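Worksheet: one structure, shown below.
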Amino acid sequence: MSSSSAVPAAKPPIRDALVAAAFRLFLERGYEQTTVDDIVALAGVGRRSFFRYFPSKEDVVFPDHERCLAEMTAFLAAGGAEHEPVRRVCDAARLVLRMYAENPTFSVQRYRLTRKVPGLRAYELSVVWRYERALAEYLRARFAGRPDGTLRADVIAAAVVAAHNNALRSWLRSDGKGDPGAAVDHALGYVQATFGRSATAPAGPTSAAPTLATDTPTATVQAAAPAAAAAWAGPAGTATGQPDDVVVLVSRRDAPLWRVVQELETALGRT
């Protein structure tokens, strides 16, 4: 076959071409100095094509988040009663990591760009909030009917996002070196160890770790996560923790002092 009959290389999809053109210009000129007209000119398409794929210039910086959010929502919806809910939301968070890890170079470039542009940081926060809401809504449904179901769901969802983002950003700051999966697994392990068993525990209070409820005047952090309390409170409330353990007590202002002390002693296994 002669070279003249070779099949020409296929053009990248318009969406991909727009993203590539946008980031090339962002790197060369800066985000603020780049217009939508500049992007479509370099990509060789019209303005209508741009807005068919991206509602705004900010959206071209985060081209895969809508797809990832849809995948996460579908993954959570497919979960049944047999799936431990905290493990399920941790696995859902790993879908976000997979999106970043598929293209480390692009992910690092985007991270650097968002650090420089305040408007993009604000946009990124709104995206993170949508992921957190998806996790919280799933957990609220799983914990429905419990006195602290909504609170538990929101706290766990926030913890999953915080753990995931801590590991993800460390990886991005390292220019995408190393194994991000291992780092995220390590971070999410804290969430599962703290909240995992509490997600399937009975809703009623126990003597070792009372359940945090809206009608309870005082509660310790361990009350929201009995698994964490179990790590340093032995059978029958016997204290087995380390002397440098930190205990945080949350109390309503109108709670009687004797009740505050009682809850603290219960959490410490000194009753």
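It should be emphasised that the depicted structure is a prediction, and the values quoted were computed from it without experimental measurement.
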Return a table of donor-acceptor pairs under 3.5 angstrom between the side chains of residues 175-182 and protein atoms on other chains or two or more places apart.
| residue | atom | partner | partner atom | Å |
| --- | --- | --- | --- | --- |
| D175 | OD1 | R112 | NH2 | 2.6 |
| D179 | OD1 | G181 | N | 3.0 |

Worksheet item: Does F106 have any ring-ring contact (aromatic ring centres under 6.0 Å, His included) partners at least two apart in sequence or in another chain, and if so, which?
Response: F23
Item to complete: Measure the spacing between CZ of R169 and CG of N166 and express it to the nearest 0.5 Å.
Response: 9.0 Å
Worksheet item: For A21 and I39, which heavy atoms make the closest approach, and how far apart are they?
Response: CB-O, 3.8 Å
Discussion item. Once salt bridge (Lys or Arg N to Asp or Glu O under 4.0 Å) is applied, do any residues pair with R133, and if so which ones, sequence neighbours excluded?
Written reply: D154
Discussion item. What verdict does the side chain to side chain contact (heavy atoms under 4.5 Å, CB included) test give for F143 and L151, after you've listed the backbone C-alpha separation in whole Å, the side-chain angles of each residue and the deciding distance to 0.1 Å?
Written reply: CA-CA 10 Å; F143 300 154; L151 173 62; over 6 Å; no
Response to the item:
Residues pairing under ring pair (Phe, Tyr, Trp, His ring centres under 6.0 Å) where one sits in residues 165-189, two or more places apart or in two chains, turn out to be H186-Y190
Response to the item:
Sequence neighbours excluded, the answer for ring-ring contact (aromatic ring centres under 6.0 Å, His included) partners of Y31 is F26
Fill in: Nearest heavy atoms of A163 and L188, plus distance in Å
CB-CD2, 4.1 Å
Worksheet entry | A157: partners by side-chain contact (heavy atoms from CB on, under 4.5 Å), with sequence neighbours left out | E132, L135, A136, L139
Discussion item. For T34 versus L25, what's the shortest heavy-atom pair and its separation?
Written reply: OG1-O, 3.5 Å
Worksheet item: Would you say C90 and E84 make side-chain contact, with heavy atoms under 4.5 Å?
Response: no
Worksheet item: Under 4.0 Å between a Lys/Arg side-chain N and an Asp/Glu carboxylate O for R15 and D64?
Response: yes
Worksheet entry | Pairwise side chain to side chain donor-acceptor pair (under 3.5 Å) hits with a residue in residues 68-77, at least two apart | R67-E71, E71-R98
Practice prompt. Kindly determine whether Y100 and R110 satisfy side chain to side chain contact (heavy atoms under 4.5 Å, CB included), including the steps that lead there.
Written response: CA-CA 10 Å; Y100 279 86; R110 175 169 56 193; 3.6 Å; yes
Item to complete: Run the salt-bridge test on E66 and R130 with the 4.0 Å N-O cut-off and return the result as yes or no.
Response: yes
Worksheet item: Which residues satisfy the side-chain contact (heavy atoms from CB on, under 4.5 Å) test with D91, sequence neighbours excluded?
Response: F75, R87, R94
Worksheet item: What's the shortest heavy-atom distance between V40 and L18, and which atoms?
Response: CG1-CD2, 4.2 Å
Worksheet item: Given T114 and Y123, is the side chain to side chain contact (heavy atoms under 4.5 Å, CB included) satisfied, shown in steps?
Response: CA-CA 9 Å; T114 56; Y123 187 97; over 6 Å; no
Fill in: By ring-ring contact (aromatic ring centres under 6.0 Å, His included) - contacts of Y131 (at least two apart)
H65
Worksheet item: What about W129 and L97, same hydrophobic cluster or not, with Ile/Leu/Val/Met/Phe/Trp/Tyr joined at side-chain heavy-atom distances under 4.5 Å?
Response: no
Item to complete: Return each pair, listed once, that meets salt bridge (charged side-chain N to carboxylate O under 4.0 Å, His left out) where at least one residue sits in residues 23-33; pairs must be two or more places apart or across chains.
Response: R24-E28, R29-D38
Worksheet item: Should E124 and R115 count as an ion pair when the cut-off is N to O under 4.0 Å?
Response: yes
Discussion item. Which heavy atom of A134 sits nearest to which heavy atom of M72, and what is that distance?
Written reply: CB-SD, 4.1 Å
Fill in: Heavy-atom pair with the smallest gap, counting every atom of H83 and G79
ND1-CA, 3.5 Å
Practice prompt. Mind checking the CZ-SG spacing from F62 to C68? Nearest 0.5 Å is all I need.
Written response: 13.0 Å
Worksheet entry | Qualifying residues under ring-ring contact (aromatic ring centres under 6.0 Å, His included), relative to Y53, sequence neighbours excluded | none
Item to complete: Please list all pairs passing the salt bridge (charged side-chain N to carboxylate O under 4.0 Å, His left out) test where one or both residues lie in residues 43-60, with sequence neighbours left out.
Response: D37-R47
